[in-house]
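Read the structure below first, then the notes.
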Amino acid sequence: AALSGIIFAMGSQKLLLNIRAEMREPARADAALQLALALYGAIYLAVVLLCGPSPPGLLLDAVPLGNARRLAGFLLWLHVAVSYAINSQALCSSL
């Protein structure tokens with residue numbers, strides 16, 4: 001289940017072709033993708049190592065109740081909103 005989550009999270013690479021068309025320097029798209037995937041991998045590895053042997057089912061559950069959890073929830077919402085906007089723009093521009 002964890003591996004499928006990582007693969008799903010990295011699935012946005014399919015948008016690279018649409019985004020590359022709008023880059024100032026499209027030749028650098030491959031380097032940008034390699035850097036992004038390396039950062040994703042490093043962040044996932046850090047989260048796995050920090051969670052230990054029994055992580056919660058939803059990572060947000062690891063954040064204690066209070067302002068920290070509100071901030072984490074807002075950042076998660078912001079991430080989803082930005083991802084939706086990027087996906088919509090890239091998909092609509094290819095139509």
Side-chain angles (χ1 to χ4, degrees):
L3 183 58
S4 64
I6 292 171
I7 291 170
F8 175 77
M10 292 183 176
S12 61
Q13 68 180 346
K14 67 185 178 296
L15 298 174
L16 179 67
L17 296 175
N18 293 345
I19 293 171
R20 179 175 29 188
E22 298 183 17
M23 291 177 72
R24 277 186 236 156
E25 298 178 41
R28 297 182 65 194
D30 291 341
L33 178 63
Q34 289 174 0
L35 177 63
L37 291 178
L39 286 173
Y40 277 145
I43 290 170
Y44 269 93
L45 182 61
V47 168
V48 166
L49 294 175
L50 291 172
C51 282
S54 58
L58 179 63
L59 198 55
L60 193 58
D61 290 339
V63 180
L65 294 174
N67 289 334
R69 189 161 184 156
R70 285 188 190 99
L71 177 63
F74 173 73
L75 292 175
L76 181 60
W77 176 85
L78 186 64
H79 163 72
V80 170
V82 169
S83 296
Y84 178 78
I86 290 172
N87 279 312
S88 296
Q89 189 276 334
L91 293 175
C92 289
S93 69
S94 66
L95 294 177

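Note that these values count all heavy atoms, side chains included, but never hydrogens, waters or copies made by symmetry.
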Mind jotting down which residue pairs meet the salt bridge (Lys or Arg N to Asp or Glu O under 4.0 Å) criterion with at least one end in residues 44-58? Sequence neighbours excluded, please.
none
Among residues two or more places apart or on two chains, list those pairs meeting salt bridge (Lys or Arg N to Asp or Glu O under 4.0 Å) that have a residue in residues 38-50.
none
Quick test of your reading: applying salt bridge (Lys or Arg N to Asp or Glu O under 4.0 Å), list the pairs with at least one residue in residues 78-89, sequence neighbours left out, ordered by first then second residue.
none
Connected hydrophobic set around L35, excluding itself, where side chains approach under 4.5 Å:
L39
Donor-acceptor pairs under 3.5 angstrom involving side-chain atoms of residues 62-69: please list them, not counting sequence neighbours.
from	atom 1	to	atom 2	distance (Å)
N67	OD1	R70	NH1	3.0
R69	NH1	V63	O	3.3
R69	NH2	D61	OD1	3.0

Under the salt bridge (Lys or Arg N to Asp or Glu O under 4.0 Å) definition, can you give me all pairs with a residue in residues 49-58, not counting sequence neighbours?
none
Under the side chain to side chain contact (heavy atoms under 4.5 Å, CB included) test, residues paired with F74 that sit two or more places apart
W77, L78
Starting from L45, walk the hydrophobic network (Ile, Leu, Val, Met, Phe, Trp, Tyr; side-chain heavy atoms closer than 4.5 Å) and list everyone else you reach, by chain and number.
L49
